[in-house]
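I have placed the structure first, in the form of structure tokens, so that the comments after it can refer back to it.
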Amino acid sequence: MKLVTAIIKPHKLGNVKEALQEVGIAGMTVTEVKGFGRQRGHTEVYRGTEYKVDFVPKVKIEVLVDETELSGVVDALVASARTGAIGDGKMWVTQLDRVVRIRTGEMDTDAL
Amino acid sequence: MKLVTAIIKPHKLGNVKEALQEVGIAGMTVTEVKGFGRQRGHTEVYRGTEYKVDFVPKVKIEVLVDETELSGVVDALVASARTGAIGDGKMWVTQLDRVVRIRTGEMDTDAL
Amino acid sequence: MKLVTAIIKPHKLGNVKEALQEVGIAGMTVTEVKGFGRQRGHTEVYRGTEYKVDFVPKVKIEVLVDETELSGVVDALVASARTGAIGDGKMWVTQLDRVVRIRTGEMDTDAL
Amino acid sequence: MSSADIAWMLFASALVMLMSPGLALFYGGMVRAKNVLSVFMQVFMCMALGSILWVVVGYSIAFGDSMAGGLFGDPTQHFLLRDLDGIDETVTVIFQMMFAIITPALIIGAFAERMKFSAFLLFTGAWSILVYPVVAHWVWGGGIIDDWFGSLDFAGGTVIHVNAGIAGLVTAVVLGKRTGWPKTAMLPHNLSMTAFGAGLLWFGWFGFNAGSAGAVNMQAVNAFLVTHIAAATASLFWVVAEWVKDGHPTTLGAASGAVAGLVGITPAAGYVGVNGALVIGVLAGVLCYLAVGLKSRFEYDDSLDVVGVHFVGGLLGALLTGFLATQGLSGEEAGFALFGKQLGGVVVTTVYSVLMTFVILFIADALLKGIRSSEEDEVRGLDLGDHKESGYVFTEMGG
Amino acid sequence: MSSADIAWMLFASALVMLMSPGLALFYGGMVRAKNVLSVFMQVFMCMALGSILWVVVGYSIAFGDSMAGGLFGDPTQHFLLRDLDGIDETVTVIFQMMFAIITPALIIGAFAERMKFSAFLLFTGAWSILVYPVVAHWVWGGGIIDDWFGSLDFAGGTVIHVNAGIAGLVTAVVLGKRTGWPKTAMLPHNLSMTAFGAGLLWFGWFGFNAGSAGAVNMQAVNAFLVTHIAAATASLFWVVAEWVKDGHPTTLGAASGAVAGLVGITPAAGYVGVNGALVIGVLAGVLCYLAVGLKSRFEYDDSLDVVGVHFVGGLLGALLTGFLATQGLSGEEAGFALFGKQLGGVVVTTVYSVLMTFVILFIADALLKGIRSSEEDEVRGLDLGDHKESGYVFTEMGG
Amino acid sequence: MSSADIAWMLFASALVMLMSPGLALFYGGMVRAKNVLSVFMQVFMCMALGSILWVVVGYSIAFGDSMAGGLFGDPTQHFLLRDLDGIDETVTVIFQMMFAIITPALIIGAFAERMKFSAFLLFTGAWSILVYPVVAHWVWGGGIIDDWFGSLDFAGGTVIHVNAGIAGLVTAVVLGKRTGWPKTAMLPHNLSMTAFGAGLLWFGWFGFNAGSAGAVNMQAVNAFLVTHIAAATASLFWVVAEWVKDGHPTTLGAASGAVAGLVGITPAAGYVGVNGALVIGVLAGVLCYLAVGLKSRFEYDDSLDVVGVHFVGGLLGALLTGFLATQGLSGEEAGFALFGKQLGGVVVTTVYSVLMTFVILFIADALLKGIRSSEEDEVRGLDLGDHKESGYVFTEMGG
Ligand SMILES: Nc1ncnc2c1ncn2[C@@H]1O[C@H](COP(=O)(O)OP(=O)(O)O)[C@@H](O)[C@H]1O
Ligand SMILES: Nc1ncnc2c1ncn2[C@@H]1O[C@H](COP(=O)(O)OP(=O)(O)O)[C@@H](O)[C@H]1O
Ligand SMILES: Nc1ncnc2c1ncn2[C@@H]1O[C@H](COP(=O)(O)OP(=O)(O)O)[C@@H](O)[C@H]1O
């Protein structure tokens, strides 16, 4: 079992959701986060002083997948989240020991 | 060292917290998230048009545990978060390389 | 590739960001979370009844790093997040299978 | 009425109308975020339904010719406001309509976060016909309280606050506690909303109390002054009391204290002077603060403290008027005799309000197969449960 | 004017001024969080720029001596408010200025969330000179609508709501749909803000309608009463209508319904009685609710329903005045003849407003190389895009 | 006073009272979320404590018979408002009480986010006795400023804005900068709250300025008109100035500009006409905008720009009155002679306010072992630190 995590631009969420559904993903979990990276926030002048806003709003997506689905999911995700502009975000994959569906107690592949 | 992550229904948080305390867990970290899965959100009619609200509020729990505590924690968590209705959520376990308590620099089991 | 995750006190975020930049980290992702641990929240008296507020605001930081950078990052992070008072938080390290930069499709070390 | 009087009364009426949105803020900020809209919706429905019922029969019941020995005014006399006596009576209809709206709205705080919307509508509709205008008739329309006791109630300490406050207690008890209360903290979700609401209530209360003089005169000016003083004093003393007892002064205390002072001065505003206002302010601040603590002791879940603030504050004001009224302003001599009259009015109102509130809830329960929200709706909040809306949408991931 | 009249008119003027901040809340709560400040900013600029333009030429165009056969008032006659006729005319200038502010502000709802701020300023400035005061002149200043038809428009059903409502439709169509609409839900981000805004509009509308009597008299008192009744009734009936049709009663419905009722009664407030107000209230509540549904049918993206509420509500009120006006209050006999006069006023206003709004947008588009925000600004929100500000900063990680 | 005058003054008093909640919104929206309640609490305490002190001695000090050669009014003369001269003086007590509340409340903006609540209470209490009513006596009660210079100060440009503004500077300097300022951005957490607050201040200011005529007359009408024009103009010009200088027009600018214009017109409202109002509006908008930038240059942390808006705006208005007053309205000839009188009033007020504010802070510091919040309280916010409350609870995980 793998966990695919991605940090994306907020307005790409709809796109990514559709793309993942197309490759057969039935669920995902989404968190609002702030990102710091090459893409910097806007500068603001507040009351005469300039400030740099370092943190940019991003969305984090977590998707549990079976090994067999992994490469399809990764490709769909990267393709659907890309704008080509700086700040598109990162994606990473983690190996999991176990996955459980809380409602039924089903494990691993059955839990998805 | 293991990290147990669970996505649960928000109103189950109190329950889960108590259950984990009973099996001896001294800490946890909680995040508000939105879940997308078999359980769908309500439909809204807004100004005459129907919308499906796909994302449902969920709570994510992260608990660092020692290998020896793992199965007790998993069982307690799954039992206390279950309602039996669709949307109860997922739980997964990740292997960690290292855990540090920031205040003291203590490592791994001592860090919990 | 490693993922360094830390739960810290919110007002230490500025410090930590600077410390990480100094050791050459170009990005990070930050989430608001609530922590439950040895440090307890304040008690409130609301309308004549006492309540314990268990969850304390914390900030979660996630940093993707190359193996070679790992120890520098861990040290910088722990040092910059420390106040010495209870509730300073935890830090943990996870092994990753893969990292992708969404904008370019670059992988692993190149993706950072 | 002179032109100046009419201008003044329209101004006062507008201010009293604004108290309803003010109350929505005051109460809305105190509930949990998932129920904020249910509170706004209920207050709006008091404005909408309450006004219509007032026009149809409420005004007639309250101010029509007494029937059945002073039990109520002739309900058909001014049906749809026919046969009003010129501009003066039209102004009275308007001013009093705003009172008829806000009184049932006050009760909302007691049953907040757990009553079905349909049950709320039925309850409020019935209460707006069977309770409020009846008691108003008794005190102000020449009905039995006026007849038997001649109680003084300048702007509605008894008619409005005792009446609504005790009805709140009944609804809280009948509906039962919110799931989790009192173990779980059910903290206000937006206290600046609540504090601003209190400020707006304070503003509107000038219309409420000073407008109750019915004209621009010394009584109106006095009422304006003492209203302000009582609010200020009670706000300060509530804060001081909680600082001493709980260890910290709170914004919620300052806001609640102001409202408690306003409630306390309501029956007395035309009759007491500066000193009386200070006494009422100090006592309303301290005693209402203490009264609010009783709900955890006696385990009735009066969600937003309608009993502690409105019933206790109204009672206090009504009874203290017996001792603090100055003859120059009220034409009555303060003392045990006047106190007795005041007590009479309060007791009759309390008994009737308790009884009728029970009866209405009982019937609503039967008609609607339950008046309490399902546990599911309570857990996810009445905003989604009853109205399919969310109070706050800060991100674009949806509800 | 007597002293009481002046006091009353200043009071009414202050209330109408407050409607603009009220509108900012009403609209601001309905947009997405990322655009809330753009709405507040636009309303503030209507207050700022609109007032200055009124002082410079607007008042003269509306109320100066008719020129060109009643097409407009002499624009230089009261340049910078010179040559006013004493205290009475000064009071009129003040009261009418508040109307001149709020009318263009109403249009904001139609093009919300996608117009460039510079384009907004240019549009609003031009519209405040070329459209509003001209139509005001036609109806109230002795211009062509008054001349040709003698239409009744007590407080601006035609001059304000039909006029702004149809201009809203034009702006919505010209600008095009918001990116994603109607597939993506663009839900209100803060409905208690919207509901409170509606409460404040209701409060201010007492000044708007009852102040339009120009004095403290029976017409003012009547206008106050029927304004309240129509608002209450329309609020209730909108909620009932949506409950029946969509399955749940909403806070947004209660708030929108109240505003629809207020719009509907505006042209009629001095002319109809209680029964007329109830009729207008029921129809405004139900029909405006249905009208709002048309935008998804016809696919024009009127973001906050200016057309459904203001155009339809204003139209309804203006036309119904033809049948519901009572002779005692209006001096006119209700019926088809009066209905014809009303229709005339509405048609002329609609045609002119559509035309001029198109022309102004066209010119603005040419001058500014586009009037629509860039897609980037639309996605991240106009608050950051145009104003480099964020509506809400709840954490200290910054924007 | 005629009935109409009394109705008008009560109306004006209610409006001025509402400015305090309006100020709580205006300031509350500008602080960080963790301090929003501390601001509301402080404003409420100005209303509570300030009113009581006014009743006890404040009114006497301000308007009692001059003692010590015009240094203050006899403090015991109207102790607890005894011996008032009928309805007229009672009305004056009420109206002036609202001024006595808001003046110390204005200072809050300068020391926001870092003063201990106990220190705030002590400071505000002392300032409400030793500074405000004394200066009010000097200007309006026949005291030394009136005596020496005969300065014109229609509604309190000097007594209120210069006085509070410069006191703000002293508190900001004495308390020191907020931890992290100016390196860290301390952005407003809720700008629609601030903008709505500005709208409410604008509304209330009609009572403030037009009520200062003390009757319904041409001066009141004029004050109403020029108040509105100055607010509108300053709002627009602040926005234009920042657009030119910083590259973007902001909501905070529009709101601050309106307030700056209102401050600027305050001393002049009864004395200048439309043209004067436009001049004051333009200058207040541009100069206050520039003045606000000075704090980063000179590194005093005036959290919410009390100095830039109130001191500078008040100064500007007071001095410009010297040149812009029209003889018809003020009975004085504009020019350097009048300017001199104005300058005298401003200088004396500034010197006294600076001195006394220092002294009070010094004593408070000694009595309370420090007036500044602990760093821990500052970091987690004064809401939790002083009041054990949180402004916003959107989820049910608790504080
Ligand atoms: N080293 C990192 N660790 C964790 N998250 C990162 C890291 N670098 C970037 N991110 C996340 O990815 C987002 C985009 O990164 P950025 O460097 O701005 O653009 P890009 O990935 O297109 O080069 C950041 O806002 C942040 O959330
Ligand atoms: N594949 C997945 N990856 C990540 N999170 C998931 C996945 N599937 C479900 N979830 C999370 O679990 C929650 C519950 O899932 P759902 O399918 O609705 O119910 P159940 O687990 O009871 O079948 C979702 O709301 C989502 O947060
Ligand atoms: N077992 C755990 N699993 C996950 N997070 C934890 C765990 N224990 C503590 N934390 C997180 O670390 C924070 C600090 O922990 P706490 O026990 O209060 O202090 P300390 O780490 O200084 O002993 C907590 O608020 C929580 O967010």
Side-chain angles (χ1 to χ4, degrees), chain A residues 1-10 12-13 15-16 19 29-41 51-63 65 67 70-71 73-97, chain C residues 1-8 10-34 57-67 70 73 76-77 80 92-112:
Chain A
M1 303 301 301
K2 302 282 180 182
L3 174 67
V4 178
T5 304
I7 310 295
I8 64 166
K9 291 191 167 160
K12 282 296 185 177
L13 178 61
N15 254 16
V16 171
T29 298
V30 173
T31 315
E32 284 177 71
V33 299
K34 302 268 180 175
F36 170 74
R38 281 180 186 74
Q39 174 206 21
R40 289 301 147 89
Y51 294 101
K52 207 158 59 259
V53 178
D54 284 326
F55 290 100
V56 185
K58 299 278 171 191
V59 159
K60 181 194 202 177
I61 298 180
E62 288 166 302
V63 197
V65 296
E67 254 92 324
L70 182 62
S71 72
V73 165
V74 167
D75 293 349
L77 204 157
V78 169
S80 61
R82 183 177 293 167
T83 67
I86 210 165
D88 275 352
K90 312 288 179 197
M91 204 224 60
W92 63 85
V93 180
T94 325
Q95 168 68 33
L96 302 180
D97 290 4
Chain C
M1 302 301 298
K2 303 281 180 183
L3 173 68
V4 178
T5 304
I7 310 294
I8 64 166
H11 72 277
K12 282 295 185 179
L13 177 61
N15 254 17
V16 169
K17 192 188 71 181
E18 284 170 23
L20 292 181
Q21 285 183 287
E22 270 166 35
V23 297
I25 289 303
M28 59 197 256
T29 299
V30 173
T31 315
E32 283 177 71
V33 299
K34 302 269 178 173
K58 298 279 172 193
V59 159
K60 181 195 204 175
I61 297 179
E62 288 166 301
V63 196
L64 298 163
V65 296
D66 200 354
E67 253 93 325
L70 182 64
V73 165
L77 203 158
S80 61
W92 61 86
V93 180
T94 325
Q95 168 67 35
L96 302 180
D97 291 3
R98 201 195 301 176
V99 176
V100 180
R101 161 175 289 137
I102 291 172
R103 171 164 50 99
T104 57
E106 286 161 289
M107 297 264 216
D108 299 340
T109 309
D110 297 335
L112 297 185

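So you know, we letter chains A, B, ... as the sequences are listed, proteins then strands, and number each from 1. Heavy-atom basis, side chains included; hydrogens, waters and symmetry copies ignored.
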Interface residue of largest heavy-atom contact number with chain C, from A/V78, A/V74, A/T83, A/I86, under 4.5 Å: A/I86
Smallest separation among heavy atoms of A/V59 and A/P10, with atom names: CG2-CA, 3.9 Å
Beyond-backbone contact of A/K2 with C/R98, side-chain heavy atoms, under 4.5 angstrom: no
Part of C/T94 within contact of chain A (heavy atom distance under 4.5 Å): side chain
Smallest separation among heavy atoms of C/G27 and C/V63, with atom names: O-CG1, 3.7 Å
Options C/Q21, C/M1, C/M107, ranked by heavy-atom pairs under 4.5 Å with chain A, top entry: C/Q21
Toward chain A, the part of C/L3 with a non-hydrogen atom under 4.5 Å: side chain
Structural part of C/E62 lying under 4.5 Å from a heavy atom of chain A: side chain
Closest heavy-atom pair and its distance - A/K9, A/D88: NZ-OD1, 3.5 Å
Region of A/V4 in contact with chain C, defined by heavy-atom distances below 4.5 Å: neither
Side-chain (A/K90) to main-chain (C/A111) donor-acceptor, under 3.5 angstrom: yes
Atom of A/A81, atom of A/I8 and distance for their closest heavy-atom approach: CB-CG2, 3.7 Å
Proximal component of A/A85, with respect to chain C [non-hydrogen, under 4.5 Å]: backbone
